[in-house]
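Quick notes on the structure that follows.
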Amino acid sequence: MAVVNQAAEDTNRRMLRARDAMDRGYAEPLDIPALARLAHVSEAHFIRTFRATFGETPHRYLQRRRVERAMRLLRETDRSVTDICLEVGFNSLGTFSRTFRDIVGESPTEFRRRIVGLPPIVAPTCFAKAWLRPSSFG
C-alpha cells in the first residue's frame, strides 16, 4: 500500500510543479510539451493526469487563471478591456470576451460596470481571493 501512496504522491507533486509553472507564466502561450517534460510524462498522459488531479484540462485551467487576473485588473485599474485582454495572454478580444462570459457569466465590460462603486471586500485576503475566484464547477 505504501508503494501506491508514494506513486500517487509523486504524480501529484509533478502535476503541482506543472500547475505552478502555468501560474507563473499564465500570460504566455500554453506549451503542453514543455509542461509534460516538467512533469516527466508524455503529453497525452499529462493532459489526462492533470484533469484527473485538478478536475479540468490544462487549457481550461489556464483560461480560468487568465480570467481571474483579468477580473483583478478590471476591478483595480481603469485600463481598457483590450489592454487587459492582451496583458493576461489572450490574442483576440473576441476570444477573451467569450471566455470571460463563459467563466464569469457576464462580459468584461458588464463586470466592470457592475463592480464600480462597490465597497472593497472586508475579509481576510484568503477568503476574498477564494470568493472572487471564478470556478469551473459553477
Side-chain angles (χ1 to χ4, degrees):
M1 186 100 164
V3 174
V4 173
N5 289 338
Q6 182 64 38
E9 187 175 319
D10 289 343
T11 297
N12 289 341
R13 189 173 292 120
R14 284 184 267 153
M15 291 299 115
L16 284 169
R17 191 177 309 131
R19 189 182 73 176
D20 289 346
M22 292 170 70
D23 286 341
R24 282 189 306 275
Y26 69 90
E28 300 167 13
L30 180 61
D31 187 355
I32 293 292
L35 292 169
R37 283 191 303 275
L38 186 62
H40 303 290
V41 295
S42 72
E43 294 172 32
H45 187 69
F46 172 72
I47 294 169
R48 280 191 308 272
T49 306
F50 190 96
R51 184 176 189 152
T53 304
F54 299 113
E56 59 192 345
T57 65
H59 180 258
R60 187 60 173 181
Y61 176 82
L62 186 58
Q63 284 183 322
R64 263 192 335 98
R65 283 294 178 235
R66 288 174 174 170
V67 166
E68 179 180 312
R69 278 143 175 98
M71 289 170 68
R72 184 181 58 79
L73 291 171
L74 288 164
R75 260 194 319 274
E76 297 174 3
T77 71
D78 61 351
R79 295 175 54 198
S80 74
V81 173
T82 302
D83 286 347
I84 291 171
C85 157
L86 297 173
E87 181 174 325
V88 299
F90 285 92
N91 296 324
S92 159
L93 183 58
T95 301
F96 170 67
S97 295
R98 184 178 60 250
T99 303
F100 193 98
R101 181 180 293 280
D102 288 347
I103 292 173
V104 178
E106 58 191 342
S107 74
T109 304
E110 292 166 340
F111 174 79
R112 177 177 266 169
R113 192 176 305 124
R114 182 177 55 79
I115 62 165
V116 168
L118 290 179
I121 297 170
V122 181
T125 304
C126 58
F127 287 110
K129 285 184 176 182
W131 183 66
L132 294 172
R133 179 169 291 132
S135 172
S136 60
F137 304 109

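Residue numbers run from 1 in the order of the sequence given.
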Scanning both residues in full, the closest heavy-atom pair of A39 with R14 reads O-CD, 2.8 Å
field: Sub-4.5 Å side-chain heavy-atom contact between L73 and V88
entry: yes
Residues pairing under ring-ring contact (aromatic ring centres under 6.0 Å, His included) where one sits in residues 14-40, two or more places apart or in two chains, turn out to be none
Residues L35 and A21: closest non-hydrogen pair is CD2-CB, 4.1 Å
CZ (R114) and OG1 (T109) are apart, to the nearest 0.5 Å, by 13.0 Å
Heavy-atom closest pair (E28 atom, R66 atom, distance to 0.1 Å) is O-NH2, 2.6 Å
Check your understanding: Looking just at side-chain N and O atoms, do R60 and Q63 make a donor-acceptor pair shorter than 3.5 Å?
Key -> yes
Does R17 reach the side chain of D20, with side-chain heavy atoms less than 4.5 Å apart? no
Could you walk me through whether T49 and V41 satisfy the side chain to side chain contact (heavy atoms under 4.5 Å, CB included) test, starting with their C-alpha distance in whole Å, then the side-chain angles of each, then the deciding distance to 0.1 Å, before giving a yes or no? CA-CA 9 Å; T49 306; V41 295; 5.8 Å; no
Does the pair L38 and F46 meet the rule for a side chain to side chain contact (heavy atoms under 4.5 Å, CB included), with working shown? CA-CA 10 Å; L38 186 62; F46 172 72; over 6 Å; no
Self-check item: Heavy-atom check, side chain of T53 versus side chain of L16, under 4.5 Å
Solution: no
In this structure, CZ of R64 is separated from OG1 of T99 (nearest 0.5 Å) by 13.0 Å
> Under 4.5 Å between any side-chain heavy atoms of M22 and L30, yes or no?
Replying inline: yes
Is the closest side-chain heavy-atom distance between I84 and R112 below 4.5 Å?
yes
**OP:** Answer yes if the side chains of N5 and E9 hold a donor-acceptor pair under 3.5 Å, and no otherwise.
**Re:** no
*asked:* Take a 6.0 Å sphere around CZ of R69 and say whether it holds more than 12 heavy atoms from other residues, nucleotides or ligands.
replied: yes
All heavy atoms of E87 vs all of A27, minimum pair found to be O-CB, 3.3 Å
Between the CE atom in M71 and the CD1 atom in I115, the distance rounded to the nearest 0.5 Å is 7.5 Å
Residues 57-87 vs ring-ring contact (aromatic ring centres under 6.0 Å, His included), sequence neighbours excluded, gives F50-Y61
Thinking salt bridges, do R13 and D10 make one under a 4.0 Å N-O criterion?
yes
Between R19 and F54, the two heavy atoms sitting closest are NH1-CE2, 3.2 Å
Next on the checklist: Using a strict threshold of under 4.0 Å (side-chain N to carboxylate O), is an ion pair present between R113 and E110?
Outcome noted: no
On a heavy-atom basis, the closest approach of F96 and P108 is CE2-CG, 3.5 Å
Taking the side chain as every heavy atom from C-beta outward, state whether V81 and L74 have any pair of such atoms under 4.5 Å apart. yes
